[in-house]
Amino acid sequence: MNAFIQGLPKVELHLHIEGSLEPELLFKLAQRNTLSLPYSSPEELRKAYEFDDLQSFLDIYYQGANALQTEQDFFDLTWAYLERCHRDNVIHTEVFFDPQTHTDRGIPFDVVINGIDRALQQGHSELGISSQLIMCFLRHLSEEAAIATLEAALPFKDKIIGVGLDSSEQGHPPEKFARVFKMAQQEGFLTVAHAGEEGPAQNIVDSIEMLGISRIDHGVRCVESDALMRELIESQMPLTVCPLSNIKLKVFDKMEDHNIVELLRKGLAVTINSDDPAYFGGYMTDNFLAVSDAHKMSHREIAQFTLNAINASFIDEALKEEYKNKVEEYLRTAV
Ligand code: ADE
Ligand code: ZN
């Protein structure tokens with residue numbers, strides 16, 4: 001099963017680029033930018049990655065992002081992630097970035113996006129990985145700040161396919177961002193939102209109704225509402241589930257308790273993603289392996305996660321067909 005999962009073509013739809021900053025690169029960037037860190041080595045930093053919940057993770061994650069300062073830093077960050085994708089047979093990725101985490105520290109928007117975009121272009125030409133970029137609003141900040149961020153993004157519209165919503169779910173419900181999401185849609189952006197990770201099933205319902213989303217990020221608390229479950233099956237609204245993240249942030253106690261396979265078997269359009277792999281102990285292959293170690297599944301069921309991700313992606317129909325054929329061909333030939 002390990003070889004099957006390693007070789008399976010994969011599509012990632014839920015990856016925060018700042019969450020792919022490995023301790024080794026973080027130390028290198030801190031040195032390059034003459035910043036001092038409260039840890040003596042990457043190993044010591046990695047040991048601090050023990051979290052009680054989403055907020056305890058976010059505090060460390062935003063601290064880590066301070067090491068990113070120049071366009072080259074954002075390039076190096078993104079390139080390291082793409083090289084990791086290549087090893088995991090990731091053929092397409094849709095990458096989140098959090099501009100406010102950087103612009104609030106005085107890093108210009110163009111520095112952030114140009115560094116990330118240059119690496120994504122190179123990832124396509126040199127590694128054959130297609131990609132899209134999604135800009136997230138930080139939900140713990142104000143609506144006005146989100147609107148200002150949307151305005152800052154307009155000159156870079158050609159590089160950004162959609163907008164998302166991340167950070168602290170508790171206390172920052174979807175309706176806080178209904179107006180800015182409407183404005184983003186009027187500008188032609190697609191929309192997605194984190195919902196039902198730590199927050200209740202109602203946040204999923206409200207994100208669908210108030211934010212016009214094309215996908216739900218996480219969404220695992222949908223099981224708390226039978227009506228919502230029926231709707232998700234009927235509409236085939238995709239869920240970008242992040243198994244290792246959910247264990248690290250204690251959404252589930254252990255992988256055996258995770259509901260992703262139950263959701264798949266009930267017919268929901270669930271996908272597997274890595275979220276913040278540098279912090280949660282694994283990239284795409286690691287996430288697939290962790291799920292399949294805890295839940296017995298057939299090759300067809302495992303491949304269904306990729307097929308669902310292809311259908312849920314923001315690529316054109318021709319490329320979707322090409323990628324689905326690649327997966328079917330792999331299923332035919334893999335032993
Ligand atoms: N930002 C980065 N990772 C996140 C997550 N899992 N939930 C909400 N915001 C995030
Ligand atoms: Zn996330």
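The chain is numbered in sequence order, starting from 1. Note that ligands are numbered from 1 as they come in the structure, with each ligand's atoms numbered from 1 the same way. Remember, it's a predicted structure, so these values are computed and weren't measured experimentally.
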Exercise for the section: Using a 4.5 Å cut-off on heavy atoms from C-beta on, say whether the side chain of F51 contacts that of F280. Expected result: yes
Exercise for the section: Specify the protein heavy atom at minimum distance from atom 1 (N) of ligand 1: its residue, its atom name, and the distance to 0.1 Å. Expected result: H16 CE1, 3.6 Å
Handout entry: Derivation of the side chain to side chain contact (heavy atoms under 4.5 Å, CB included) call for E71 and R118
Key = CA-CA 9 Å; E71 186 182 315; R118 185 157 56 86; 3.5 Å; yes
Fill in the blank from the handout: When distances are taken from atom 3 (N) of ligand 1, the protein heavy atom at minimum range is D276 OD2, 2.7 Å
Fill in the blank from the handout: For G64 and Y279 the tightest heavy-atom approach is CA-OH, 4.0 Å
Exercise for the section: Just jot down the ligand 1 atoms closer than 4.0 angstrom to any heavy atom of L58, in number order. Expected result: 1 (N), 10 (C)
Completion exercise
Among non-hydrogen protein atoms, atom 9 (N) of ligand 1 lies closest to S167 N, 2.8 Å
Exercise for the section: Find out whether the Lys NZ or Arg CZ of R215 is both under 6.0 angstrom from the six-membered ring centre of F314 and within 45° of the ring's axis. Expected result: yes
Exercise for the section: Looking at D275, pick out the N, O or S atom nearest to the Zn ion (ligand 2) and give its name. Expected result: OD1
Exercise for the section: Establish, from distance only, whether the side-chain atoms of H172 and Q170 form a donor-acceptor pair under 3.5 Å. Expected result: no
Problem - N, O or S from H218 under 2.8 Å to the Zn ion (ligand 2) - result: no
Practice task
Provide, to 0.1 Å, the distance between atom 6 (N) of ligand 1 and the closest protein heavy atom, together with that atom's residue and name.
Solution key: D275 OD2, 2.7 Å
Problem - Residue E234 excluded, over 12 heavy atoms near CD under 6.0 Å - result: no
Problem - Vertex the Zn ion (ligand 2), arms to H14 NE2 and H194 NE2, rounded to 10° - result: 90°
Practice task
Answer yes or no: does an N/O atom from D98 fall short of 3.5 Å to an N/O atom of ligand 1?
Solution key: no
Problem - Criterion side-chain hydrogen bond (donor to acceptor under 3.5 Å, both in side chains) against H16, the qualifying member of D276, T101, D217, D275 - result: D275
Handout entry: L228 side chain near C222 side chain, heavy-atom distance below 4.5 Å
Key = yes
Exercise for the section: For residues N308 and V11, determine if any side-chain heavy atom of one lies less than 4.5 Å from a side-chain heavy atom of the other. Expected result: no
Exercise for the section: Among all protein heavy atoms, pick the one closest to atom 7 (N) of ligand 1 and tell me residue, atom and distance. Expected result: E197 OE1, 2.8 Å
Problem - Contact partition for E18 relative to ligand 1, non-hydrogen atoms under 4.0 Å - result: neither
Fill in the blank from the handout: Counting from 1 in the order shown, the ligand 1 atoms closer than 4.0 Å to a non-hydrogen atom of H218 are 6 (N)
Exercise for the section: May I ask you to list the atoms of ligand 1 that are less than 4.0 angstrom from any heavy atom of F57? Expected result: 2 (C), 3 (N)
Practice task
Please confirm if an N, O or S atom belonging to D217, backbone or side chain, lies less than 2.8 Å from the Zn ion (ligand 2).
Solution key: no
